[in-house]
Amino acid sequence: MFSDRTLQMPQAIAPTAQIIELGFEPRRVAAQVPAVMAVSERLALKSWLHDYLLDRLNHAILDKIEPAELLREVSDLVRQALRSEARDLTARDFGPLVEELRQELLGLGPLEPLLSDSSIRDILVNGHDKVYVDRGAALERVTCRFRDERHLLRVIEKVVARAGRRIDENQPCVEATLPGGARVNAVIRPCAIDGPTLAIRRYWSPLRTMDDLVSNGTLSASAAQFLAAMVRARRNIVVSGATRSGKTTLLNALCDLVDPAERIVSIEDAAELNLRHDNLLRFETRPARADGTGAVLRRDLLRHALRMRPDRVILGRTDGSEALRLLHAMNSGSNGVMTTVDAEGARDAINRLERMVQEGGTLLPQPAARAAVADALPIVVHLERIADGSRRVTAICEVTGVKDETLDVQRLFVFRRNGRDASGTVSGMLEATGVRPNAAGPGLAVVTPQTDDLS
């Protein structure tokens, strides 16, 4: 399992004071444990030990070894390496170092503690020495770092390999989904000018329901009741918002309201929706290979989905040439379609759909494109990530037609801000405007006696 080749210990690593012999119990020297070694010294030591282990371990059987057995093997090899160089470590340094080395061998090294922290939503690596995380408010820089660019590149290769993808100079950009549902985007040289970059975006609430969204203040109970009625009435719905505003979470909650007897086909770039229906087909796009062939686009999957007798089509995102095909489906009997659009507001989402239709490689004139959007799209739900970091539905709108060569849009619900409390939390409520929607079914009323035009 091991070889006999010996590596040279880096000269920059000097022994710490008040050392203990490896293998001693920590409690025997508790009064003598010194401070943890300097970061640069620790990184240099871990780098040397990692190379030492790579040289001696049989990588073909690493994944087959029990974790406890591997930990013992790593511990023994680390003791052997340090003793061969007359180097000792304190118990405080030794245990964490061995665990990090084990994570390097089996896991994703410095990223493992971040991935195990359930409070972290996004992990953003801007280079080997700059790592930021998002815990729901402002981004914060963490002390986690990689030894060098080569170390980061090796971890990125492991990450994309878990998703069944590969990354190299011929294919320097990868978007993929990890088995746990996290979305990964990685870019390496030559496209990443300053070195490899990595973003891991975790799906925060895989099974969140509409009741949960009401409880945490994302939307009001009356708005949730209205949207539930729209889903049951098989109205087409677009969820709009900026990145990380909660579009996928809301889309998932809306899908959870669909009748279990209906047949659903979902199409996504990276599978994030957690649909709990029995009669469900899930499709995922595929990027082109290094030679430019083999790409499977949303519009291709949408064409096949419409031929599979769906009761509902759920398109995880619309931002390109698939928009025209989607609108054709909405206008030709495919009711209850739901999708998301990146936009700064409800009207912006509608205008973007109109532009997508025109830019989709057709010669459809603007009036025809506008009419297609008006006929297909009754309801737009817009979310925002507001100043305190929370995600709120800020508007629910209805497209009522074309008026004076402009799409006519009316607000049904609007978020009224009431300021901030002492903790900095933005207070407010999503309130009905009093306008009765044209899409409302029998028995559905919007009761707040206040009207408001879309601005």
Side-chain angles (χ1 to χ4, degrees), residues 208 210-233 235-251 253-254 257 338-354 373-374 376-404 406-421 424-441 443-455:
R208 181 161 289 182
M210 195 64 74
D211 289 339
D212 295 326
L213 296 180
V214 172
S215 298
N216 72 4
T218 299
L219 75 168
S220 63
S222 58
Q225 181 184 11
F226 169 76
L227 290 177
M230 293 297 97
V231 172
R232 288 194 298 270
R235 300 298 189 259
N236 300 323
I237 299 175
V238 167
V239 180
S240 68
T243 301
R244 300 301 292 169
S245 60
K247 298 188 298 296
T248 301
T249 298
L250 179 58
L251 182 61
L254 292 172
L257 300 171
M338 291 185 273
T339 187
T340 71
V341 173
D342 290 336
E344 296 180 355
R347 184 177 285 281
D348 181 47
I350 296 164
N351 292 337
R352 286 203 65 203
L353 281 170
E354 183 182 332
V373 172
L377 190 60
I379 303 299
V380 180
V381 186
H382 185 71
L383 295 106
E384 293 181 22
R385 185 175 180 179
I386 58 180
D388 61 1
S390 62
R391 294 157 173 81
R392 306 285 184 93
V393 173
T394 57
I396 301 177
C397 304
E398 180 183 33
V399 181
T400 58
V402 179
K403 183 178 181 180
D404 297 330
T406 303
L407 285 166
D408 189 25
V409 182
Q410 62 182 6
R411 280 184 175 178
L412 306 178
F413 290 82
V414 63
F415 182 72
R416 309 288 184 186
R417 289 176 171 83
N418 299 324
R420 293 196 184 198
D421 59 22
T425 302
V426 176
S427 62
M429 178 63 69
L430 183 67
E431 300 175 349
T433 63
V435 177
R436 180 179 177 83
N438 294 338
L444 180 66
V446 182
V447 296
T448 305
Q450 180 181 359
T451 59
D452 190 12
D453 293 328
L454 184 67
S455 58

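Along the sequence shown, residues are numbered consecutively beginning with 1. These numbers were taken from a predicted model, which means no experiment stands behind them.
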Hey, is the main chain of [Y] close enough, under 3.5 Å, to the side chain of [X] for a donor-acceptor pair?
X      : Y      : result
Glu398 : Asn438 : yes
Asp404 : Thr406 : no
Arg391 : Thr249 : no

Where [X] and [Y] come nearest, the two heavy atoms and their spacing:
X      : Y      : value
Asn418 : Gly428 : ND2-CA, 3.6 Å
Asp388 : Val426 : OD2-N, 2.8 Å
Val402 : Ala374 : CG2-CB, 3.9 Å
Gly389 : Arg385 : O-NE, 3.6 Å
Met210 : Leu254 : CE-CD2, 3.4 Å

Do Lys247 and Asp342 sit within salt-bridge range, that is, some charged N less than 4.0 Å from a carboxylate O? yes
Kindly write out the residues that satisfy side-chain contact (heavy atoms from CB on, under 4.5 Å) with [X], not counting sequence neighbours, or none if the list is empty.
X      : result
Ser220 : Ser222, Ala223, Met429, Leu430
Ser240 : Ala343, Ala349, Val380, His382
Ala228 : Arg232, Leu257

Which value, rounded to the nearest 0.5 Å, describes the distance between [X] atom [atom1] and [Y] atom [atom2]?
X      : Y      : atom1 : atom2 : result
Phe415 : Ile386 : CZ    : CD1   : 5.0 Å
Leu250 : Thr340 : CG    : OG1   : 10.0 Å
Ile396 : Arg411 : CD1   : CZ    : 11.5 Å
Leu377 : Ile237 : CG    : CD1   : 10.0 Å

With [X], which residues qualify under side-chain hydrogen bond (donor to acceptor under 3.5 Å, both in side chains), at least two apart?
X      : value
Asp408 : Thr400
Ser215 : none
Ser245 : none
Ser427 : none

Could you walk me through whether Val214 and Leu219 pass the side-chain contact (heavy atoms from CB on, under 4.5 Å) test, one step at a time? CA-CA 5 Å; Val214 172; Leu219 75 168; 4.2 Å; yes
Got Thr218 and Leu383 here, is their nearest side-chain heavy-atom distance under 4.5 Å? yes
Excluding sequence neighbours, so at least two apart, what forms salt bridge (Lys or Arg N to Asp or Glu O under 4.0 Å) with Asp348? none
With Arg417, which residues qualify under salt bridge (Lys or Arg N to Asp or Glu O under 4.0 Å), at least two apart? Glu384
side-chain contact (heavy atoms from CB on, under 4.5 Å) between Leu227 and Val393, intermediate numbers included: CA-CA 12 Å; Leu227 290 177; Val393 173; 5.8 Å; no
